[in-house]
S.K.: 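So that we are looking at the same thing, I have put the structure below in structure tokens.
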There are 2 protein chains.
Amino acid sequence: MTAPPSLAGSPDTQATAAYRRLRAEILDGRLAPGQRLKVQDLAALCGAGPSPVREALAQLAAEGLARRIEQRGFRVADADPAGLAGLVRSRCLVEAAALREAIARGDAAWEDAVAAAERRLARLPRSLDPTRYVTNPAWEAAHRGFHQALLAACAAPPLLAFCERLRDEAERYRAQANAVAWPGRDVAAEHAAIAEAALDRDADRAAALLAEHLNATGEFVRRALERRAATPAARRRPTARLAAE
Amino acid sequence: MTAPPSLAGSPDTQATAAYRRLRAEILDGRLAPGQRLKVQDLAALCGAGPSPVREALAQLAAEGLARRIEQRGFRVADADPAGLAGLVRSRCLVEAAALREAIARGDAAWEDAVAAAERRLARLPRSLDPTRYVTNPAWEAAHRGFHQALLAACAAPPLLAFCERLRDEAERYRAQANAVAWPGRDVAAEHAAIAEAALDRDADRAAALLAEHLNATGEFVRRALERRAATPAARRRPTARLAAE
DNA sequence: CATCCTGTTTTTACCGACAAAATGCGCAGG
DNA sequence: CCTGCGCATTTTGTCGGTAAAAACAGGATG
């Protein structure tokens with residue numbers, strides 16, 4: 001029971017700490033798409049030297065969250081409509097395939113987990129404030145958990161990891177969109193319908209509903225992105241300095 | 001005219017050079033699965049300092065070709081039967097889905113490209129030596145080109161990139177297997193059948209043939225892996241020693 | 001008026017050195 | 001003969017400083 005050197009948790013090395021931090025900032029849009037990532041600035045931000053930061057950036061670039069330009073540093077990956085379209089199409093195809101597989105292979109435990117995740121998600125409010133959108137971390141976690149539970153019975157770890165990665169990237173787009181508007185859609189009903197079809201073992205219906213769900217979110221984000229592009233970049237407010245190169 | 005510093009091509013930074021090199025060595029098995037990756041050794045190998053090497057390793061770890069163990073360095077990713085099974089399953093699901101999409105969206109140019117790639121591949125010998133297996137780089141390139149051409153009409157870049165990554169990992173397993181045996185299968189016929197079904201726009205048949213093709217390769221590799229586990233001088237200790245150093 | 005050159009300033013990419021942690025080894029004790 | 005503990009050695013992860021490449025700004029030029 002003595003706690004000699006390091007017992008619990010993560011003694012998190014500087015490199016992974018920087019990785020986590022930068023990843024989070026990119027995902028929620030605090031580091032805007034296209035923005036330049038100067039090593040020294042980030043090093044100062046993370047309170048670390050340049051080496052761990054470069055390591056983190058290399059990792060992020062490999063995951064597609066950043067772009068490396070040889071001899072010219074790193075930038076946050078862009079989030080343009082073309083990228084969104086490819087992302088949504090990928091998600092529809094891949095998640096539908098994974099869901100079909102999960103439905104084919106899922107056992108009783110999988111059914112229970114799906115049902116439980118659905119109920120847990122349904123109980124939580126999407127936004128912390130009923131009148132306008134305020135991110136609810138608990139809902140986000142439950143949402144992720146639901147989609148994960150749906151596919152969990154699919155015995156193909158690389159595929160599931162890929163789904164996770166695409167979900168991450170989608171979150172980045174959503175963060176852009178939520179700055180502008182939020183959906184009036186009844187997402188809870190969509191989730192319930194997907195869960196029901198999956199538990200009925202109706203692969204075609206479940207896959208179609210899931211694809212529709214993803215497409216609807218994509219369409220919403222596309223509109224928001226469009227509207228955002230139309231608005232002249234917040235008429236030179238100092239706050240825009242973050243986004244400016 | 002004045003013979004400037006770097007004239008053509010890539011002035012390849014040390015980090016990317018190391019990345020390419022290590023990646024190649026992992027893919028063709030010269031760095032064996034599970035092997036420890038000591039930074040200093042690799043740095044000496046690449047003629048570079050530790051920082052670029054760590055950067056390359058972080059990238060490889062993000063791609064799944066290496067594992068990072070916090071505070072304990074990097075190792076080459078394992079290549080055990082379980083990993084192979086998940087990989088094959090993932091490839092079947094993902095490539096089938098991508099192929100369906102490509103068949104649905106492909107135009108005449110796509111058809112031509114597929115047909116051309118198939119003919120190019122059919123013309124090349126699988127092995128440089130007819131009596132035993134000797135890797136033929138031209139065939140490898142054409143093979144990759146064929147599978148790529150098949151899916152090219154699928155408008156989902158992230159998905160295609162993922163297929164590439166899985167193909168890379170599969171190559172790693174194949175390198176293990178080819179050290180033991182080589183398939184008597186008529187792979188050329190399989191490729192021809194897939195191309196024909198795709199050009200007939202018969203998505204179901206094409207997807208089924210492709211999945212079968214991938215499964216057959218997977219099964220071949222699995223057998224080879226099994227045989228390999230039995231033969232080497234790993235009598236006293238369970239398989240652990242193979243991974244050690 | 002746009003364009004090109006040129007010197008200055010940032011920024012990248014890299015190395016070598018250093019502390020903390022892990023690994024392996026020898027040795028006492030059961 | 002095996003088991004557990006402390007010490008020397010390796011290895012990791014990190015920093016600060018440095019050459020070289022890119023970005024920038026200003027002035028001369030067609």
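The shown structure was predicted, so the numbers you read here are calculated from the model rather than taken from an experiment. Naming convention: chains lettered A, B, ... in sequence-line order (proteins, then strands); numbering from 1 in each chain.
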S.K.: Nearest to the side chain of A:Arg36, which nucleotide is it out of C:dA22, C:dT11, D:dT14?
M.R.: C:dT11
S.K.: Report the residue (A:Pro52 or A:Glu70) whose heavy-atom-nearest nucleotide on DNA chain D is the more 5′ of the two.
M.R.: A:Pro52
S.K.: Checking A:Arg228 side chain against A:Gln176 main chain: does a donor-acceptor pair fall under 3.5 Å?
M.R.: yes
S.K.: Would you please classify the geometry between the A:His147 ring and the A:His143 ring as parallel, tilted or perpendicular, with 30° and 60° separating the classes?
M.R.: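 Plane angle over 60°, so perpendicular.
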S.K.: Under 4.0 Å between a side-chain N/O of B:Thr13 and OP1 or OP2 of C:dC14, yes or no?
M.R.: yes
S.K.: Could you work out how much the helix from C:dC1-D:dG30 to C:dG30-D:dC1 bends, comparing the axis of its first five pairs with that of its last five, to 10°?
M.R.: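 The end-segment axes of the helix from C:dC1-D:dG30 to C:dG30-D:dC1 are tilted 30° relative to each other.
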S.K.: Ignoring hydrogens and geometry, is there a side-chain-to-backbone donor-acceptor pair from B:Trp182 to B:Ala177 under 3.5 Å?
M.R.: no
S.K.: Between A:Thr16 and A:Asp12 (side chain of the first, backbone of the second, donor and acceptor by atom type, cut-off under 3.5 Å), is there such a pair?
M.R.: no
S.K.: Whether the side chain of B:Ser127 engages the backbone of B:Val134 through a donor-acceptor N/O pair (distance < 3.5 Å, no angle test) should be reported.
M.R.: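 Indeed, once roles are kept as given, a pair shorter than 3.5 Å links the two residues.
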S.K.: Are B:Ser51 and C:dA13 close enough that a side-chain N or O sits under 4.0 Å from OP1 or OP2?
M.R.: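 Checking C:dA13 against B:Ser51, no side-chain N or O comes under 4.0 Å of OP1 or OP2.
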S.K.: Just by modelled atom types, is the A:Leu166 backbone N or O under 3.5 Å from a matching donor or acceptor in the A:Glu169 side chain?
M.R.: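 Absent.
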S.K.: According to a strict under-4.0 Å criterion, is A:Gln14 in side-chain N/O contact with OP1 or OP2 of D:dT12?
M.R.: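 Negative; the distance criterion is not met.
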S.K.: Where the side chain of A:Pro50 is concerned, which of C:dC15, D:dA21, D:dG17 is the nearest nucleotide?
M.R.: D:dG17
S.K.: State whether A:Arg72 places a side-chain N or O below 4.0 Å from either non-bridging phosphate oxygen (OP1 or OP2) of D:dA23.
M.R.: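 True: A:Arg72 side-chain N/O within range (under 4.0 Å) of D:dA23 OP1/OP2.
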S.K.: Atom CD of B:Gln40 to atom C1' of D:dT14: distance rounded to whole Å?
M.R.: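 Taking atom C1' of D:dT14 as the reference, CD of B:Gln40 is at 14 Å.
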S.K.: Hey, does the side chain of B:Arg54 come within less than 4.0 Å of D:dG13's phosphate (OP1/OP2), counting only N and O?
M.R.: yes
